[in-house]
Undergrad: 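Sharing a structure here in structure tokens format.
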Amino acid sequence: MSEESDLEKTEEASSRRLEKAREEGDVPRSKELATFTVLMAAAIALWFSGESVIRQSKSMLANALYFDQINQIDSSLFGETLQLDLVTLLLSLLPLFGLVMLSALISPAFIGGWLFSNKALIPNFGKLNPIKGLSNMISKHALVELIKSILKTLLVGYVAWLVLMSQMDAIFSLASESLTVASTHQGHILLICFTFMILVLAIIAFIDAPYQMYHYAEKLKMTRQDLRDEAKESEGNPETKAKIRSIQREMARRRMMSQIPKADVVITNPTHYAVALKYPEDANYAPLIVAKGMGHIALKIKELALEHKIVIMEVPPLARALYHHSELGDEIPKQLYTAVSQVLAYVFQLRDWQKNGGFEPIRPDHIDVPADLNPLSTQGNPS
């Protein structure tokens with residue numbers, strides 16, 4: 001049962017899966033919403049500029065059918081007049097074309113957003129597979145799209161029929177009206193039919209858009225095995241991760257070693273541990289741990305301390321306590337303030353003596369370290 005559940009697409013698509021689908025040009029789209037947006041823009045443009053378009057069309061037609069004596073003498077004047085009328089007509093149609101084009105560009109932002117994918121332009125010959133094409137034709141999604149198209153056609157046709165029936169008297173009355181009045185009246189009838197058809201498309205679009213989002217989410221669902229494989233892929237193989245960790249440790253070690261020349265003292269075990277301390281100039285802070293290590297790292301810390309003439313003091317209990325109970329960049333534990341202050345007092349006195357002379361300071365021979373901070377004491381080993 002667990003194997004079957006691992007192979008069922010029950011999990012929501014991960015962010016990586018969604019990102020990969022988007023890179024391939026696969027985003028949710030609603031053709032019905034795009035169609036409604038474009039037609040709605042066209043209706044708005046016609047509502048405000050329709051009369052101007054009709055007026056310019058009538059003027060162009062009248063000029064094209066009018067011939068006078070001047071046109072017969074110079075035929076080029078007829079062409080110029082026709083060209084001027086054509087430019088005027090195109091300018092009157094500009095709001096319609098501009099608004100339709102703008103709506104066509106904006107409509108994809110409603111679902112899926114704007115997207116340009118180079119991968120979508122690469123030819124995919126797998127789509128030419130007839131078996132795969134046949135399976136897509138008889139799929140659940142194809143059946144839903146077919147039913148949706150049939151219902152849309154029937155609904156739009158039925159609404160168009162109802163509107164025409166309601167305007168039948170007005171249509172018959174057009175024959176008794178003058179050409180100017182009949183043209184205007186006919187335009188209003190067509191606009192009413194167009195508006196009701198757009199309202200029907202609006203209903204269809206607002207039903208189709210959520211369905212397309214649902215279908216897209218269902219299509220990209222993943223199995224539990226897919227999620228595990230993706231996690232392994234994103235994490236990388238163990239060798240690469242180990243190499244990255246090794247590089248990170250080496251970089252951290254180099255940063256730590258670069259701080260040793262700034263230290264005031266290095267406290268050692270003498271060979272197993274080494275901890276470098278820096279007392280900041282701001283007296284509001286306790287001494288800081290600028291470097292620490294054990295084994296060969298401790299030896300390297302001592303080498304750098306000798307190279308830069310940093311004072312090295314062998315205080316095994318204090319070195320162990322500082323190493324085990326503090327982190328790089330942190331202040332020393334409060335319990336060790338007294339012990340560290342003894343060491344630093346000697347270091348500063350030693351510096352003053354080396355610089356100004358006088359009496360050589362006495363090296364402290366006993367530094368108290370709390371037993372609970374000494375790893376050897378907590379283990380019951382007095383040494």
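One is the number of the first residue; the rest follow in order along the sequence.
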Undergrad: Can any side-chain N or O of Asp264 pair as donor or acceptor with the backbone N or O of Tyr279 at less than 3.5 Å?
TA: yes
Undergrad: For Asp208 and Lys148, which heavy atoms make the closest approach, and how far apart are they?
TA: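 So the minimum-distance heavy-atom pair works out to OD1-NZ, 2.6 Å.
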Undergrad: Between Leu39 and Leu201, which heavy-atom pair has the shortest distance, and what is it?
TA: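 Closest pair (atom of Leu39, atom of Leu201, distance): CD1-CD1, 3.2 Å.
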Undergrad: Any chance CD1 of Ile362 has more than 12 other-residue heavy atoms, nucleotides or ligands included, within less than 6.0 Å?
TA: no
Undergrad: Which atom pairs, donor and acceptor, lie under 3.5 Å between side-chain atoms of residues 149-165 and protein residues at least two apart or in another chain?
TA:
residue: Ser149; atom: OG; partner: Glu145; partner atom: O; Å: 2.9
residue: Lys152; atom: NZ; partner: Glu32; partner atom: OE1; Å: 3.1
residue: Lys152; atom: NZ; partner: Glu32; partner atom: OE2; Å: 3.3
residue: Thr153; atom: OG1; partner: Ser149; partner atom: O; Å: 2.9

Undergrad: I'd like to know whether CE of Met168 has more than 12 heavy-atom contacts from other residues, nucleotides or ligands below 6.0 angstrom.
TA: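 Yes, CE of Met168 has more than 12 neighbouring heavy atoms, counting only those of other groups under 6.0 Å.
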Undergrad: Test of understanding: with side chain to side chain contact (heavy atoms under 4.5 Å, CB included), list the residues that count as partners of Met294, not counting sequence neighbours.
TA: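 Once residues adjacent in sequence are excluded, the partners of Met294 under the side chain to side chain contact (heavy atoms under 4.5 Å, CB included) criterion are Tyr273, Tyr323.
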Undergrad: Can you confirm whether Glu327 is buried at CD, in the sense that more than 12 heavy atoms of other residues, nucleotides or ligands lie under 6.0 Å from that atom?
TA: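 No, the 6.0 Å shell around CD holds no more than 12 heavy atoms from other groups.
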Undergrad: Give the minimum heavy-atom separation between Pro287 and Pro280, together with the two atoms involved.
TA: CA-CD, 4.1 Å
Undergrad: Report the C-alpha separation of Glu11 and Lys221 in whole Å, then their side-chain angles, then the decisive distance to 0.1 Å, and conclude whether the salt bridge (charged side-chain N to carboxylate O under 4.0 Å, His left out) test is met.
TA: CA-CA 6 Å; Glu11 307 300 319; Lys221 273 190 173 181; over 6 Å; no
Undergrad: Which pair of heavy atoms, one from Arg29 and one from Gln212, lies closest together, and at what distance?
TA: O-CG, 3.3 Å
Undergrad: Who are the side chain to side chain donor-acceptor pair (under 3.5 Å) partners of His296, not counting sequence neighbours?
TA: none
Undergrad: Taking everything shown except Arg254 itself, do over 12 heavy atoms lie less than 6.0 Å from its CZ?
TA: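 No, because the 6.0 Å sphere around CZ of Arg254 holds 12 heavy atoms or fewer from other groups.
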Undergrad: Name the orientation class of the two ring planes belonging to Tyr211 and Tyr214 (parallel below 30°, tilted from 30 to 60°, perpendicular beyond 60°).
TA: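 Taking Tyr214 first and then Tyr211, their aromatic rings sit tilted (interplane angle of 30° to 60°).
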Undergrad: Report yes or no: does Asp226 contribute a side-chain atom to a donor-acceptor pair with the main-chain N or O of Thr223 at less than 3.5 Å?
TA: yes
Undergrad: Side-chain heavy atoms under 4.5 angstrom apart, residues restricted to Ile, Leu, Val, Met, Phe, Trp, Tyr: same cluster for Ile310 and Leu304?
TA: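 Same cluster.
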Undergrad: Under 4.5 Å between side-chain heavy atoms, hopping through other hydrophobics if needed: is there a path connecting Leu306 to Val265?
TA: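 Yes, one cluster joins them.
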Undergrad: Main chain of Val266, side chain of Lys302: is a donor-acceptor contact present, judged purely on distance under 3.5 Å?
TA: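 Answer holds: no.
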